[in-house]
Amino acid sequence: MAQKTKTTHKIKIKKGDLVKVIAGNSKGKQGKVLQVLVDANRAVVEGANIVKKHTKPSAANPNGGIIEKEAAINISNLALIDAKTGETTRIGRKVNAEGKIVRYAKKSGEEIK
């Protein structure tokens, strides 16, 4: 049998970036990226894609009950917010003066971090 090959793309959004959700139920919400799941091509964004999780009582949570938490969103549904303009922008990569590869906002040309 032929082995399935998985296509992987360079994920341009990183942990700590300020992003806006551009599609889905949380469309329009902004938040900081808490975690990036590279294998699943998803990211967890603070305050976006809230789901209810039913938990059993445990030592950490003696009462159990329903907990609201952030679930992962596909990377394609997120857009980086440019620090300079405050608008959403695409991300490019270029070599800076020190010869290091850096990310930059395509709208303003500003380096990211």
Side-chain angles (χ1 to χ4, degrees):
M1 292 181 86
Q3 196 170 1
K4 240 186 181 177
T5 56
K6 188 176 179 184
T7 57
T8 54
H9 303 286
K10 177 72 177 168
I11 294 179
K12 295 170 181 171
I13 290 174
K14 294 186 177 179
K15 183 179 174 179
D17 284 348
L18 187 64
V19 295
K20 184 175 186 176
V21 181
I22 56 173
N25 290 342
S26 298
K27 184 177 179 177
K29 289 189 180 172
Q30 294 182 10
K32 200 190 323 183
V33 176
L34 303 173
Q35 185 182 10
V36 176
L37 308 166
V38 179
D39 294 337
N41 206 34
R42 292 173 159 263
V44 178
V45 180
E46 189 176 40
N49 199 22
I50 302 289
V51 294
K52 292 186 178 193
K53 182 171 168 56
H54 297 258
T55 56
K56 282 177 143 182
S58 65
N61 188 11
N63 294 335
I66 301 167
I67 296 173
E68 289 191 350
K69 60 180 274 181
E70 293 100 353
I73 306 174
N74 198 297
I75 292 285
S76 65
N77 296 335
L78 301 175
L80 186 88
I81 295 176
D82 191 358
K84 192 175 184 183
T85 61
E87 295 176 12
T88 58
T89 181
R90 289 175 304 164
I91 305 163
R93 295 168 73 212
K94 65 180 176 184
V95 179
N96 67 0
E98 292 93 51
K100 202 172 178 189
I101 295 173
V102 292
R103 299 181 304 153
Y104 72 98
K106 291 221 175 178
K107 271 190 184 170
S108 64
E110 196 83 6
E111 256 184 40
I112 302 165
K113 282 191 215 171

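Sequence positions, counted from 1, serve as the residue numbers for this chain.
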| message | Using 0.5 Å steps for rounding, measure from the CD1 atom of Ile73 to the CZ atom of Arg42. | response | 8.5 Å
| message | side-chain contact (heavy atoms from CB on, under 4.5 Å) for Lys94 and Val102? Distances and angles first, verdict last. | response | CA-CA 6 Å; Lys94 65 180 176 184; Val102 292; 4.2 Å; yes
| message | Do Val38 and Leu34 sit in one hydrophobic cluster, given that two such residues count as connected whenever their side-chain heavy atoms are within less than 4.5 Å of each other, even indirectly? | response | no
| said: Do Val36 and Ile112 sit in one hydrophobic cluster, given that two such residues count as connected whenever their side-chain heavy atoms are within less than 4.5 Å of each other, even indirectly? | reply: yes
| message | If the condition is salt bridge (Lys or Arg N to Asp or Glu O under 4.0 Å), which residues does Glu46 pass it with, not counting sequence neighbours? | response | none
| Flag, side chain of Lys106 to backbone of Thr89, donor-acceptor distance under 3.5 Å | no
| said: Would you say Val51 ends up clustered with Leu37 if hydrophobic residues are merged whenever their side chains have heavy atoms under 4.5 Å apart, either directly or through other cluster members? | reply: no
| remark: Separation between CG (Leu80) and CD1 (Ile13), nearest 0.5 Å, reads 6.5 Å
| field | Nearest-0.5 Å distance, CG of residue Asp82 to CG of residue Leu18 | value | 10.5 Å
| Sequence-distant partners of Glu110, salt bridge (Lys or Arg N to Asp or Glu O under 4.0 Å), two or more places apart | Lys84
| query | Residues two or more places apart in sequence or in another chain: which of them pass salt bridge (Lys or Arg N to Asp or Glu O under 4.0 Å) with Arg103? | reply | Asp17
| field | Under the salt bridge (Lys or Arg N to Asp or Glu O under 4.0 Å) test, residues paired with Lys52 that sit two or more places apart | value | Glu68
| query | Do side-chain atoms of Thr88 reach the backbone of Ile81 as a donor and acceptor pair under 3.5 angstrom? | reply | no
Donor-acceptor contacts, no H, no angles, side chain residues 22-33, under 3.5 Å, sequence neighbours left out:
{"unit_1": "Ser26", "atom_1": "OG", "unit_2": "Asn49", "atom_2": "N", "d": "2.7"}

What side-chain donor-acceptor pairs closer than 3.5 Å can you find for residues 56-64, not counting sequence neighbours?
{"unit_1": "Ser58", "atom_1": "OG", "unit_2": "Asn61", "atom_2": "N", "d": "3.2"}

| said: Could you walk me through whether Leu78 and Val21 satisfy the side-chain contact (heavy atoms from CB on, under 4.5 Å) test, starting with their C-alpha distance in whole Å, then the side-chain angles of each, then the deciding distance to 0.1 Å, before giving a yes or no? | reply: CA-CA 5 Å; Leu78 301 175; Val21 181; 3.9 Å; yes
| query | Can you tell me how far the CZ atom of Arg90 sits from the NZ atom of Lys107, to the nearest 0.5 Å? | reply | 9.0 Å
| Do Lys113 and Lys14 pass the side-chain contact (heavy atoms from CB on, under 4.5 Å) test, and can you show the C-alpha distance, the side-chain angles, and the key distance before you say yes or no? | CA-CA 11 Å; Lys113 282 191 215 171; Lys14 294 186 177 179; 5.8 Å; no
| request: State plainly whether one hydrophobic cluster holds both Val19 and Tyr104, where clusters connect Ile, Leu, Val, Met, Phe, Trp and Tyr through side-chain heavy atoms under 4.5 angstrom apart. | output: no
